[in-house]
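Structure first, commentary second.
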Amino acid sequence: MTEFSQLFLYIPGIVIFLVGSGQVRRWLRMRRSNVCVDAGVISCKHVVKKDKKEREIYNYYDVLVEYKNPQTGHRERLAVKSPTEYAMGQQVRMYQDKGGEKPVLDEYKEEFLFHPWVTMIGGALLILLALEENRGREVPAMVCLALILTGAGVNLTADYILLKKRRLRPLDAEITDIYTRQISRETKLLKGAKYTYYPVVRYELNGRANIRRCNINSSGQNTFRIGDHMTLYFDPQSQEVLEKRERAGMAVAGILLMVIGILAGASILSVVL
């Protein structure tokens, strides 16, 4: 194996580890904080900034919220930058970081395919697998592979079971707009500009109208149409609105990965014995 190909084996693990570590930091921050106040949206302005070549470099919403400071009892206003669009008068939650001076907007939590800790540890195991593979040590490499497959399978299966127990309630949402984001421009090598399309939906919850720019997206221009309806899912326990619910495919994929991981682990015994 050439030196370049040996180094190339580390790239997937490094990328996955860095992504997972970023997710873990956000997860820990949310675990350490407590929802402290309710706030109302006063204004929401869409901001898009581009460079000299018309490439998008910033895309966010300037959101102004008003809340009652639990310490002073006075009503205060706070300007925050958010990736989410909010409606005028919409009620949102804010949480206070330990040691933080001002509350932070409780943003929509991205629904990861794997738990942040599983992603980070899986990336570390991939790096270790590449290291052992380059050293020619088959048994430790197979152990890493078995752990990765089994861990991913357990994660998917557990997510399916937990989502099933949450008894999510379907929430009808109407697509009111399509947000288009340009991700690449036409060049001599690439023909045609590339775009990603996000549906902006409006739904009612607890008697209030809400606007949400979904994380669900598509590269197909006609995937989402204004006036069409899509289903979101409300969790009565956490009061969260999710874009996905449990699917049987999650459980099937999880069980298959666990079986493959266990078989890979069993094959190690045949090598050792």
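Just so you know, these numbers come straight off a predicted model, no measurement behind them. This chain uses plain numbering: 1 for the first residue, then up along the sequence.
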Cluster overlap Met258 with Leu156, hydrophobic side-chain contacts below 4.5 Å: no
Val252 with Ile260, same ILVMFWY side-chain cluster at under 4.5 Å: no
Within one Ile-Leu-Val-Met-Phe-Trp-Tyr cluster: Trp27 and Leu18, side-chain cutoff 4.5 Å: yes
Side chain to side chain donor-acceptor pair (under 3.5 Å) between Asn134 and Tyr10, worked out: CA-CA 10 Å; Asn134 288 336; Tyr10 293 100; 3.2 Å; yes
Single-linkage hydrophobic cluster Leu125~Val154, side-chain heavy atoms < 4.5 angstrom: no
Under the side-chain hydrogen bond (donor to acceptor under 3.5 Å, both in side chains) test, residues paired with Asn69 that sit two or more places apart: Glu76
Shortest non-hydrogen separation from Ala39 to Val65 and the atoms involved: CB-CB, 4.2 Å
Exercise: identify the closest heavy-atom pair between Cys214 and Val201: SG-CG2, 3.9 Å
Shared hydrophobic cluster, Leu232 / Ile226 (ILVMFWY, side-chain heavy atoms < 4.5 Å): yes
Heavy-atom closest contact (Ala264 atom, Met142 atom, distance): O-CE, 3.8 Å
Val24: partners by side-chain contact (heavy atoms from CB on, under 4.5 Å), with sequence neighbours left out: Leu28, Pro116, Trp117, Met120
Stepwise side-chain contact (heavy atoms from CB on, under 4.5 Å) check, Ile148 with Leu126: CA-CA 8 Å; Ile148 292 170; Leu126 278 174; 3.6 Å; yes
Pair Glu66 + Arg77: basic N to acidic O under 4.0 Å: yes
Non-hydrogen atoms of Gly227 and Glu174 that approach each other most closely: CA-OE2, 3.9 Å
Polar contact flag, side-chain donor to acceptor under 3.5 angstrom, His115-Asn155: no
side-chain contact (heavy atoms from CB on, under 4.5 Å) assessment of Val200 paired with Ile175: CA-CA 6 Å; Val200 178; Ile175 299 177; over 6 Å; no
Heavy-atom closest contact (Gly220 atom, Tyr197 atom, distance): O-CD1, 3.6 Å
Euclidean distance, Asp62 CG relative to His46 NE2, rounded to 0.5 Å: 10.5 Å
Pair Tyr60-Lys49, side-chain contact (heavy atoms from CB on, under 4.5 Å): steps then yes or no: CA-CA 9 Å; Tyr60 58 86; Lys49 295 183 180 180; 4.0 Å; yes
Considering all heavy atoms, the nearest Thr157-Ile255 contact: OG1-N, 3.7 Å
